[in-house]
Number of protein chains: 4
Amino acid sequence: MIILLKENANPKQVENLTKFLKNKGFDLHMSQGTEHTIIGLIGDTSTVDIDLISSLDVVEAVRRIQEPYKNANRKFHAADTVVDVAGAKIGGGHFMMIAGPCSVENRDQIIGVAESVKASGANVLRGGAFKPRTSPYAFQGLHEEGLRLLSEAKKVTGLPIITELMDINHLPLFGDVDIIQVGARNMQNFELLKELGQIRKPVLLKRGMANTLQELLMSAEYIMAGGNENVILCERGIRTFETATRNTLDLSAVAVLRKQTHLPIVVDPSHATGINEYVPPMALAAAAAGADGLIIEVHNDPPHALCDGKQSLTPEQFDSLAKAVRAILPFAAKELVWE
Amino acid sequence: MIILLKENANPKQVENLTKFLKNKGFDLHMSQGTEHTIIGLIGDTSTVDIDLISSLDVVEAVRRIQEPYKNANRKFHAADTVVDVAGAKIGGGHFMMIAGPCSVENRDQIIGVAESVKASGANVLRGGAFKPRTSPYAFQGLHEEGLRLLSEAKKVTGLPIITELMDINHLPLFGDVDIIQVGARNMQNFELLKELGQIRKPVLLKRGMANTLQELLMSAEYIMAGGNENVILCERGIRTFETATRNTLDLSAVAVLRKQTHLPIVVDPSHATGINEYVPPMALAAAAAGADGLIIEVHNDPPHALCDGKQSLTPEQFDSLAKAVRAILPFAAKELVWE
Amino acid sequence: MIILLKENANPKQVENLTKFLKNKGFDLHMSQGTEHTIIGLIGDTSTVDIDLISSLDVVEAVRRIQEPYKNANRKFHAADTVVDVAGAKIGGGHFMMIAGPCSVENRDQIIGVAESVKASGANVLRGGAFKPRTSPYAFQGLHEEGLRLLSEAKKVTGLPIITELMDINHLPLFGDVDIIQVGARNMQNFELLKELGQIRKPVLLKRGMANTLQELLMSAEYIMAGGNENVILCERGIRTFETATRNTLDLSAVAVLRKQTHLPIVVDPSHATGINEYVPPMALAAAAAGADGLIIEVHNDPPHALCDGKQSLTPEQFDSLAKAVRAILPFAAKELVWE
Amino acid sequence: MIILLKENANPKQVENLTKFLKNKGFDLHMSQGTEHTIIGLIGDTSTVDIDLISSLDVVEAVRRIQEPYKNANRKFHAADTVVDVAGAKIGGGHFMMIAGPCSVENRDQIIGVAESVKASGANVLRGGAFKPRTSPYAFQGLHEEGLRLLSEAKKVTGLPIITELMDINHLPLFGDVDIIQVGARNMQNFELLKELGQIRKPVLLKRGMANTLQELLMSAEYIMAGGNENVILCERGIRTFETATRNTLDLSAVAVLRKQTHLPIVVDPSHATGINEYVPPMALAAAAAGADGLIIEVHNDPPHALCDGKQSLTPEQFDSLAKAVRAILPFAAKELVWE
């Protein structure tokens with residue numbers, strides 16, 4: 001960490017600062033220029049509060065050389081993390097295909113979709129039981145009943161299940177859930193993240209609509225700092241001025257995260273685009289960019305269903321897409337094996 | 001609500017749709033054009049799930065005429081809501097000046113700041129006890145001890161207090177708190193909002209960094225739908241590409257919200273700009289635009305404090321600002337009385 | 001086009017409006033609801049000024065059904081446009097690989113790069129002669145000398161050349177240039193676009209940093225309305241809050257544009273990411289998403305060059321990338337042949 | 001300027017770099033840490049190409065201490081610049097009120113509006129003759145005829161006139177124009193800016209929709225580097241995800257620019273909000289924030305006009321607003337005199 005002091009830095013304040021930093025256990029490297037003094041901090045600065053330092057009267061600017069996260073940092077953990085979800089693996093060359101409906105609606109629907117996506121090669125089943133909705137008047141999910149139906153679909157098909165947790169108080173209901181999803185709106189619900197650090201179940205952490213990749217990694221760090229290293233990152237689109245798609249899928253996230261972290265990376269083209277015909281090209285693009293997995297919305301019977309998300313694929317469309325993804329993986333930026 | 005059907009809409013599906021809508025209690029006004037059919041929905045459509053309708057196979061587009069919120073809507077509640085916080089009022093011509101430190105640090109600090117901002121005319125004291133921090137390694141607040149010190153400052157000065165609630169499980173600790181703040185990162189923590197609808201304490205709801213004003217009003221609706229009508233809205237800057245300020249303060253929010261809702265509107269120029277010298281001009285601009293209140297960070301002794309937020313004013317700077325705001329209010333877009 | 005009138009629309013004003021629309025040659029379909037009147041416009045509305053209509057006192061809202069562009073619209077021109085650039089084709093199954101340095105620096109550099117990218121399979125050479133730079137003090141390109149060197153590289157290698165035109169007054173110098181590039185900052189330089197409509201040379205039109213895809217198509221329409229149908233669209237990243245990459249590459253643009261227009265689509269991962277190690281994964285992702293071409297920065301000798309754009313690939317890196325792109329194309333969202 | 005070298009910087013490359021910098025006339029201050037070497041550049045670095053330096057192989061990061069603009073920089077020119085427009089002044093305590101229609105439509109309209117806004121206290125007349133329109137099919141202005149009518153309005157009322165220049169080739173037609181407006185879409189039309197540096201007429205430079213304040217200052221620097229110091233900056237809203245207003249008016253720009261530059265700052269609330277009822281509160285807010293002027297759209301007879309921009313005020317509304325602005329100015333962040 002490099003601290004640039006102001007031109008007329010008060011010597012007393014500079015002394016206070018250096019004392020403070022030495023007490024924190026850092027070696028200091030002072031460099032006196034004609035106008036500015038620069039302090040180099042030597043040691044592990046990942047836990048230094050950069051906001052605090054930069055708010056000091058004598059400080060002009062602070063620049064980290066080391067990233068502010070450690071557990072999630074590839075520099076401290078070179079090998080890809082492989083998360084094992086009841087036998088389905090992701091990371092380190094293992095590709096995970098997650099598929100299922102936006103919401104669990106009833107027994108026939110969820111079991112029907114589960115069986116068909118399994119036949120197409122999906123290895124994890126998704127389905128919402130608690131749904132975050134902008135309006136208090138919109139359908140909010142089947143709650144406990146939805147979780148019960150997911151469990152049944154798991155029993156019938158053998159597929160592990162992923163579903164979203166919106167409130168830490170619901171955790172006791174999630175015993176049979178294999179991956180806990182933290183939604184985009186909760187990416188910085190720090191109390192929730194801390195609690196998820198206390199368990200050992202895999203967590204799929206979605207990037208917030210207005211969050212940088214560094215903030216995503218800091219939120220992963222919240223979970224990992226508690227001891228839970230089974231974190232899967234998910235890019236699902238950010239909010240921009242463009243309205244042709246619901247959000248703007250930031251696929252560069254795959255390349256950037258691949259470099260900065262060892263954690264596996266999943267892409268959600270369904271929520272990112274919001275329109276089903278854009279899902280296949282974006283799914284292929286994500287795979288080509290080197291994503292470790294995809295999460296795709298599939299609904300079994302859109303023509304007769306009233307709630308057919310514009311973004312859902314039919315089982316037939318998903319089957320074609322799954323084949324196309326499987327075919328493209330050997331040519332992706334990073335060779336991946338989908339098993 | 002106007003529903004535009006697709007050109008080749010399947011008659012059977014159209015019939016299913018109209019049956020469904022009639023069952024919901026709507027009168028339908030069908031209009032058959034040469035290429036498109038348009039359905040007009042008559043009745044209270046604020047609780048209709050627009051996503052569900054627009055996802056239907058036969059639907060080309062849906063347009064609301066009525067807003068999707070009702071309790072927060074000025075059309076259904078023309079008069080300004082006045083929220084009374086232990087005697088300090090906001091809305092309907094009452095201006096509220098909230099001031100205090102970012103975090104409660106110790107007894108002397110919080111009582112010292114409380115006394116000085118009260119002397120300058122602030123009528124509510126702010127101070128963080130639970131702090132949302134991007135990094136798990138940054139100072140997270142004094143928690144219960146912070147709340148205890150805030151209570152003491154309240155007892156000493158008589159100022160009502162506002163502080164942020166990050167987890168609904170902490171609510172029992174907030175008995176002495178007069179306004180519960182929901183931070184930007186929790187604006188769409190819907191489970192939290194629902195719980196706050198069950199109490200009657202005023203809630204200051206901050207706009208999320210990437211949330212539209214309509215989404216802010218929908219989150220207010222979550223609280224109000226539960227029966228708690230004491231909601232204060234807060235503009236605190238949105239995330240854009242500009243880096244000269246921490247966020248981009250969207251003061252048009254004041255004008256837009258004034259038109260669409262009867263709820264009082266507070267502006268937070270400290271978090272929006274992140275730099276203390278920009279706080280006074282933005283505070284004056286907010287007052288001129290017609291805001292019902294301001295929330296300003298003030299720290300008692302920045303030169304000797306280690307944690308002097310770059311955005312905090314000194315008590316002297318705040319005193320000047322408070323005078324300037326008081327002077328400008330009679331010339332604001334909406335005449336306001338600050339008592 | 002559907003025009004929704006206001007609730008209390010003044011009958012005289014409504015009459016004025018309907019007269020005005022009939023005079024423009026439209027058939028009107030009036031639909032009288034209980035509260036609102038809706039006017040449906042039948043006929044070619046692509047040239048109607050929607051801003052003018054929506055600004056009228058009696059109008060609540062206007063919604064286009066038909067897009068506001070016609071020449072660029074796939075609905076009026078179903079087959080993919082193939083642009084032929086001195087034998088190198090793009091669109092309709094033809095993939096174009098454009099490569100070369102950011103700026104032309106000297107004879108050896110441009111000819112060296114041209115020969116190496118040609119050997120790797122590039123079929124068009126890029127190189128900047130007039131460079132748009134944020135600072136007036138930065139290197140602005142070699143101007144006429146740069147164009148002369150590009151011509152020489154063309155003669156030596158046989159590769160057609162593309163370079164940016166910043167001012168219509170420079171057009172006479174561009175006689176030997178095969179594709180004229182309009183940069184992101186000039187996407188809405190309407191006077192320039194109109195002039196480019198008067199020639200027949202292919203134009204590569206880059207999306208502006210803050211422009212929607214519809215605006216990009218409207219700018220293409222400016223050129224096409226003048227009679228020049230040889231327009232190639234280029235996605236090169238949009239400006240968002242994320243700083244890990246220079247811009248945010250919006251690959252959904254490929255899927256959206258593919259649906260809405262018949263024009264070929266090129267992706268520029270070099271300018272979008274700004275960092276060379278992210279270029280290959282994003283290039284592969286673009287190809288997988290169905291782009292018709294790529295434009296990649298390559299510099300011959302980065303270690304000894306002073307101006308080695310952080311985003312440039314070495315000829316060896318480009319060679320690997322070109323092979324990888326060629327390998328992935330048969331598995332892309334749309335099967336493409338690169339010849 | 002501080003240059004941080006990479007950990008394993010090749011000594012030969014470091015030597016090349018230091019030689020290069022010394023040749024440019026800089027004194028270097030080398031600081032050798034345990035892991036990193038830091039080079040401090042002493043001298044005028046405003047004209048150093050930071051992109052070039054940061055792209056070098058050996059360079060980890062570069063940080064400017066000095067801003068990259070000089071002529072526009074308040075540090076080199078402490079006193080406010082006052083621009084005199086045919087007697088109407090702006091800057092240094094002089095407030096300029098610019099008003100008029102979006103487009104010049106006909107003689108009666110422009111002279112009628114000119115007389116009424118003059119009576120209300122406007123001291124400069126605006127009116128578009130060349131209109132940048134997203135669609136090639138929309139009304140593009142009266143061109144030469146529009147300029148002629150503006151001149152006539154100037155003769156009749158004595159008000160200086162401002163209008164937009166879209167193409168440098170039109171400059172000869174602008175002889176009678178008092179302030180040349182560069183629109184948001186041309187803020188980085190560098191060839192145009194260079195030409196405007198060669199004249200001495202005041203230029204009102206609008207911020208681009210996706211441009212940072214630093215980029216705005218760099219574009220001002222383009223003009224000033226040519227010798228034209230009569231530059232007026234204009235904030236007119238930036239593009240964000242919010243759709244309640246056409247753009248997001250960034251009033252913090254006033255505070256930030258006030259600190260960084262001596263140039264006068266105008267705010268355009270009409271284009272920023274796009275909705276006339278939001279114009280007065282935003283105009284008052286801009287004045288309170290310390291803007292040196294306003295530019296407001298006013299149309300004389302909206303009810304009978306077909307083209308009544310949603311954002312235009314009536315002369316009566318403008319008269320009220322002008323009075324309110326005049327009243328608030330003495331209480332603004334910076335006391336300004338409107339004469």
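Naming: A, B, ... by sequence-line order, numbering from 1 per chain.
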Between Asp250(A), Leu213(A), Thr243(A), Leu251(A), which residue shows the highest count of heavy-atom pairs closer than 4.5 Å to chain C?
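Counting heavy-atom pairs under 4.5 Å, the top option is Leu213(A).
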Side-chain touch Tyr69(A)/Gln260(A), heavy atoms, less than 4.5 angstrom
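Tyr69(A) reaches Gln260(A) side chain to side chain.
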In terms of heavy-atom proximity below 4.5 Å to chain A, should [X] be classed as side chain, backbone, both, or neither?
X         : value
Thr240(C) : side chain
Gln214(C) : neither
Thr273(C) : side chain
Ile238(C) : side chain

Could you tell me whether the side chains of Gln311(A) and Asn276(A) share a donor-acceptor contact shorter than 3.5 Å?
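Note: Gln311(A) and Asn276(A) side chains miss the donor-acceptor criterion.
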Count the heavy-atom pairs under 4.5 Å between each of [options] and chain A, then report the option with the highest count.
options                                    : answer
Thr245(C), Val254(C), Val256(C), Asn211(C) : Val256(C)
Ala210(C), Gly237(C), Ala324(C), Pro269(C) : Ala210(C)
Ala283(C), Ala253(C), Pro281(C), Ala286(C) : Pro281(C)

Only one of Arg207(A), Lys206(A), Arg258(A) forms a salt bridge (charged side-chain N to carboxylate O under 4.0 Å, His left out) with Glu235(A), so which one is it?
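Of the listed residues Arg207(A), Lys206(A), Arg258(A), the salt bridge (charged side-chain N to carboxylate O under 4.0 Å, His left out) partner of Glu235(A) is Arg207(A).
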Per the side chain to side chain contact (heavy atoms under 4.5 Å, CB included) rule, which among Asn71(A), Leu233(A), Ile90(A) passes with Leu263(A)?
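For Leu263(A), the side chain to side chain contact (heavy atoms under 4.5 Å, CB included) test succeeds with only one of Asn71(A), Leu233(A), Ile90(A), which is Leu233(A).
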Closest heavy-atom contact between Ala288(C) and Ala288(A)?
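Heavy-atom minimum between the residues: CB-CB, 3.6 Å.
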Counting distance only, does the side-chain N/O of Ser219(A) pair as donor-acceptor with the main-chain N or O of Gln188(A) below 3.5 Å?
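No, because the side chain of Ser219(A) does not come within donor-acceptor range (under 3.5 Å) of the backbone of Gln188(A).
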Looking at Lys70(A) and Glu221(A), is any side-chain nitrogen of the basic one under 4.0 Å from a carboxylate oxygen of the acidic one?
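So Glu221(A) does not pair with Lys70(A) through a salt bridge.
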Sort Glu215(A) into side chain, backbone, both or neither according to what part of it lies under 4.5 angstrom from a heavy atom of chain C.
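When you check distances to chain C, no heavy atom of Glu215(A) falls under 4.5 Å.
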